[in-house]
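Take a look at the structure below.
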Amino acid sequence: MIRYAASRAIHAFAVVLAVTTLTFVLIHAAPGDPLTGLRESAYASPEFITRAQRHMGLDRPLYVQYLVYLGNLFRGDLGESFATHIPVWHLLRPAIPNTLLLGAAALLVDFTVGMAVAAPQAIRPGGRLDRWLSNVTLAVYAVPVFWLGILLSMLFSQALGWLPIGDIRDPIIAAAGTTPQKVVDILRHLVLPAATLGLVGAASTARYQRTALFDALRQDFIRTAHAKGLTARVVLLRHALRNALLPTITLFGLSLPVLFSGAVLVESVFGWPGMGTLAVQSVMRRDYLVVTAAATITATAVVVGSALADLLYRVADPRTRSPA
Amino acid sequence: MTAVLSVRDLGVTFDTPRGPARAVDGVSFDLHAGETLALVGESGCGKTVTALSILRLLPDAARVAPGASITYAGADILKLEAEPLRQVRGAGIAMVFQEPMTSLNPVLSVGWQIAETVLAHKSVGRATADARAIEVMKLVGIADAEDRYRAYPHQLSGGLCQRVMIAMALACEPKVLIADEPTTALDVTIQAQILELLVDLKRRLGLSVLLISHDLALVSGVADRIAVMYGGHIVEEAATADVFAKPVHPYTEGLLGAVPRIDRPELRLAAIPGNVPPATEWPAGCRFHPRCAHAWDRCSTGEPGLVAAGANRTARCWLIEEPGRRKSS
Ligand SMILES: Nc1ncnc2c1ncn2[C@@H]1O[C@H](COP(=O)(O)OP(=O)(O)OP(=O)(O)O)[C@@H](O)[C@H]1O
Ligand SMILES: [Mg+2]
């Protein structure tokens, strides 16, 4: 077990390092640099630009920049934003919980909706409801996430006016509201982005879960459960679903990268002040260090999340534990 | 003798791509209080389908013939609503299956799987159900029952899993136990132990047992009566001693020929020639006639009914009407 944990940790570290390196190289390889705007300005003299370049360390060879960056990173120093001169950590810190909140809410939507759609399908496979739900999930699955986001915001925000969009909170409530009012306000802002991100995931969860549940319901032990007089509900929830959840836990681990990349689009569509929005802004400005830090943190979250999924699998499936 | 379970005119058809498969056809029998009735026949003759019909556990693809009835405790199981049916399952009639490993849920502890059966039928708390689970685990001879309670199926041997299945079946004190090839998946030495356990429990608890097996020799020491199945029919039913002393149906005769005899080892094992046709393609007339040494033209045209073939025994064969046609071997 300790050996397993150790090899897992080394693996995780390697992944995060690879992502950091790749992002660092790619963003530098992209045309333009943080000083592009300055160069095009009529007011900046060439000497000033050279000085700024030296100040930012951009005049040094790339591998030196990279090693310096890594050295700082290991000391916990993410550097300073070129665009705003704010420490990168100060930019990221408020964005991280926002993205985690969005991601968690989306996962909740993903798995509850996915399950709720899959269960009636698996119980009556080939029936009218099954075919109808299959078509709906396929359609949602095929829809681009930003398009779904725009559609939902047009419907529920613009047309019906039920829910707010843009930012995570209403400035007036945030300034003058009571705590319950503030919580409700954040939740109301959360609904549409979380639904957008969650529904796309729910479509694939439902398709996956339908098969898993279908298979579980045809196992011998389901017949035993019926034979001993359990109610249909207990057979479904305690016996079939528990077994069908095992592959879904793996799916959960695999879906994390998709979740984060989806979050980038959804945050941009809804103006959600998370890491995705920050990353997109920073890429536009070639704000190298912010982009790299966002990628590093996202990679860490994915790696930690999939380790958690593994652990969860071990808890949920006694067969992975050593025999007694 | 009173029947605790009466099956009448049971027919089960599966819709298959090759047409309807008549897996079970016109099966009737009574299970009397405190007796062991063995249902014996080759693979595919309809034993499991018959057993599953009794607790309405057949897959959705199966259709039960409209005239069939299965009477238990004064009610027709085939007509029960969901809740009374659930109460019969496990508490009135319990079942043990062929594959103990796959018949237990791999992600739940075996003790809990027994306890949840108790909770499904009795208004008791979790502690009482757990205590009952441990009690029946001891009853079926599981050592260290308290420790084994927490074990998962993959941590136990096949024999232990089958003991757990039996404990689970007995947890709510059913009147009838249906055991579908309870020993087939086990090692030979374990087979004898499990069979012995069933016999012992049946006697101590006053159970009525429907024992299903493809092995006539195995049931001979256990069963009070034997019903022999072939091609979805019961072809002969008689007391065990009568079956062995003088089989009426040529198929039973053939099965007996396949039973090794310790007292007369010089007798060769006579296997029955040919194969069982698929259930979509029963031949006209008697379903056994293509494999029967005695068959004559009547056997390929008319289907014999199940008729009395002596005191307390029935069989489905034209030889009963025309015993002169029997060829001496
Ligand atoms: N789900 C099903 N779909 C189609 N045909 C089926 C199905 N289940 C059983 N049958 C058919 O019903 C017939 C009887 O099967 P059954 O399982 O009752 O045999 P069995 O006597 O229990 O044999 P075994 O000794 O192999 O367990 C077989 O011909 C089989 O092909
Ligand atoms: Mg069978």
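Quick note on labels: first sequence line is chain A, next is B, and so on, each numbered from 1.
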Heavy-atom proximity to chain A below 4.5 Å, by part of B:Leu52: side chain
Non-hydrogen side-chain atoms of B:Trp112 and A:Arg238 separated by less than 4.5 Å: yes
Over 12 foreign heavy atoms within 6.0 Å of CZ, A:Arg218: yes
Minimal non-hydrogen separation, A:Leu230 against B:Ala120, with atom names: CD2-CB, 3.7 Å
Steps toward side-chain contact (heavy atoms from CB on, under 4.5 Å) verdict (B:Val107, A:Arg319): CA-CA 8 Å; B:Val107 301; A:Arg319 283 165 297 187; 4.1 Å; yes
Proximity breakdown for A:Leu246 and chain B, heavy-atom pairs closer than 4.5 Å: side chain
Between B:Gln113 and A:His239, a side-chain donor and acceptor under 3.5 Å: no
Considering all heavy atoms, the nearest B:Ser103-A:Thr224 contact: O-OG1, 2.7 Å
Within 45° cone of B:Phe97 ring axis and under 6.0 Å: A:Arg223 NZ or CZ: yes
Atom of B:Leu57, atom of A:Ala227 and distance for their closest heavy-atom approach: CD1-CB, 3.6 Å
Heavy-atom contact with chain A under 4.5 Å, split by part of B:Met101: neither
B:Glu81 atom CD, over 12 foreign heavy atoms within 6.0 Å: no
Heavy-atom pair with the smallest gap, counting every atom of B:Pro106 and A:Pro318: O-CG, 3.3 Å
Residue part contacting chain A, namely of B:Leu104, when any heavy atom lies under 4.5 Å: backbone
B:Lys202, NZ: over 12 other non-hydrogen atoms inside 6.0 angstrom: yes
Worked verdict on B:Arg86 versus A:Thr231 for side-chain contact (heavy atoms from CB on, under 4.5 Å): CA-CA 7 Å; B:Arg86 188 191 72 74; A:Thr231 60; 3.5 Å; yes
B:His121 side chain vs A:Lys228 backbone, donor-acceptor pair below 3.5 Å: yes
Region of A:Ala225 in contact with chain B, defined by heavy-atom distances below 4.5 Å: neither
Minimum-distance pair of heavy atoms, taken over all atoms of B:Arg89 and A:His226: CD-O, 3.1 Å
Flag if over 12 foreign heavy atoms under 6.0 Å of CG, A:Asn135: yes
B:Phe14 atom CZ, over 12 foreign heavy atoms within 6.0 Å: yes
Contact leader toward chain A among B:Thr117, B:Ile93, B:Leu85, where contacts are heavy-atom pairs under 4.5 Å: B:Thr117
